[in-house]
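First the structure, in the form of structure tokens, and then the observations on it.
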Amino acid sequence: MDLSTLSYQKFVQFALEQTNLRTTLTPLPSQEKFKSLKANDNKSVLNAISFCAPKIRLLRSLTIEDSQSMLVLDFAAFSKPEYDAPIFCANAFTTPSRSIVVLDLNPLYDVTIHPDYKEKYYKKLMPLSEKYSELLPWGGKLTSESLKFFSPIVIWTTVASSQLVHDVLFSAFVDYFKAWLELIDEATDEKDESLVLLNREAQHKYLTWRAEKDPGYSILKKLFGETLAKDLVRQFLFDGVDSLGSKTFLDYFPEYRLENGTVNKKRSMVGKSYETRPWNSAGEFIAD
Ligand code: BLA
């Protein structure tokens, strides 16, 4: 399809407006640093914004739009470590033929081993996963390791691009972002410093995973070159990876260690799995 009628700007605008209704966003230094970022192809239009708020450590968005070839949305929001709230994650990669999408409130703690965390945040949100299951169906096998960063309400899809899909995706983005804002509103700050530490480490592990293995990296490298792409990943998209903790990727994910001590470049050690949605509508894990 012709991408020139589609844009992800509306998504970002909506999120900023909604957030400003509830709290006060303050621009972060990383916004200033990356706002005049230019792509090598001289035609992609970029928009990079980043903010914090009293309960929000980092709310940032990168869009890359070139109506000839692709539209990219990478939007995420992280609470301060005093809160164990999920991470808002909206990633979309749209070409004239198809769209690859992950939309989720990524859990801070793996829901398959922390049923209390699942109960606390996802039980009442389960209807959301049903609402979009027809128009944004499960996208098939994915990197197995990614699944522990996904929640039972995750929308993971790869569908033919169309105006309808774009509109449905906007509607889903609206629902999921409002749900996230609601969780942040209700969140009370943890007083137990040892639990704050756990929250901080959980965010750091997530940032470490994505800064090393995000599927968008090869495209960023093409557009910006290796050095700038790395800075964008570590200082903007996954800001905190070099400050929230000191563990390395191999400390968290030792199975990726090669004999010479470096990180295996493969995205998955286990391989791809989960042909179908591994959670039922009650949020129970049903894959073996
Ligand atoms: C593909 N993106 C994918 C896939 C997933 C994600 C699961 C399928 C391939 C796989 O299983 O690895 C997204 N994976 C995620 C997310 C998390 C995760 C959000 O673990 C969070 C924990 N995608 C982007 C951006 C670009 C992009 C910004 O979000 C481009 C700049 C591109 N994603 C992209 C492309 C593919 C893809 C090109 C298909 C090619 C591939 O699989 O490498």
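Note that the structure is predicted; figures quoted are calculated from it, not measured. The first residue in the sequence is number 1, and the count goes up from there. When a ligand or atom number is given, it counts from 1 through the structure's own listing order.
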Short N-O contact, Asp189 and Lys191, less than 4.0 angstrom: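 Lys191 and Asp189: salt-bridged.
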Please report the C-alpha distance between Glu145 and Lys148 in whole Å, then the side-chain angles of each, then the deciding distance to 0.1 Å, and finally whether the salt bridge (charged side-chain N to carboxylate O under 4.0 Å, His left out) criterion is met. CA-CA 6 Å; Glu145 288 86 346; Lys148 54 178 169 291; over 6 Å; no
Are any of the side-chain heavy atoms of Leu105 and Leu125 separated by less than 4.5 Å?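 Of all side-chain heavy-atom pairs linking Leu125 with Leu105, at least one is under 4.5 Å.
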Less than 3.5 Å apart, N/O on ligand 1 and N/O on the protein: could you list those pairs with the distances?
{"residue": "ligand 1", "atom": "11 (O)", "partner": "Thr143", "partner atom": "N", "Å": "2.7"}
{"residue": "ligand 1", "atom": "11 (O)", "partner": "Thr143", "partner atom": "OG1", "Å": "3.0"}
{"residue": "ligand 1", "atom": "12 (O)", "partner": "Thr143", "partner atom": "OG1", "Å": "2.7"}
{"residue": "ligand 1", "atom": "12 (O)", "partner": "Arg267", "partner atom": "NH1", "Å": "2.6"}
{"residue": "ligand 1", "atom": "20 (O)", "partner": "Ser146", "partner atom": "OG", "Å": "2.6"}
{"residue": "ligand 1", "atom": "20 (O)", "partner": "Trp209", "partner atom": "NE1", "Å": "3.2"}
{"residue": "ligand 1", "atom": "29 (O)", "partner": "Asn91", "partner atom": "ND2", "Å": "2.5"}
{"residue": "ligand 1", "atom": "42 (O)", "partner": "Arg267", "partner atom": "NH1", "Å": "3.4"}
{"residue": "ligand 1", "atom": "43 (O)", "partner": "Arg267", "partner atom": "NH2", "Å": "2.8"}

Phe75 ring center within less than 6.0 Å of Phe177 ring center: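 Yes: the rings meet the under 6.0 Å criterion.
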Determine which pairs satisfy ring-ring contact (aromatic ring centres under 6.0 Å, His included) with at least one residue from residues 220-241, sequence neighbours left out, and list them in order.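 Every pair satisfying ring-ring contact (aromatic ring centres under 6.0 Å, His included) with a residue in residues 220-241: Phe34-Phe236.
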Under the 6.0 Å and 45° cation-pi test, does Lys10 pair with Phe170?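 Judged by the rule (NZ or CZ under 6.0 Å from the ring centre, within 45° of its axis), Lys10 counts as positioned above Phe170.
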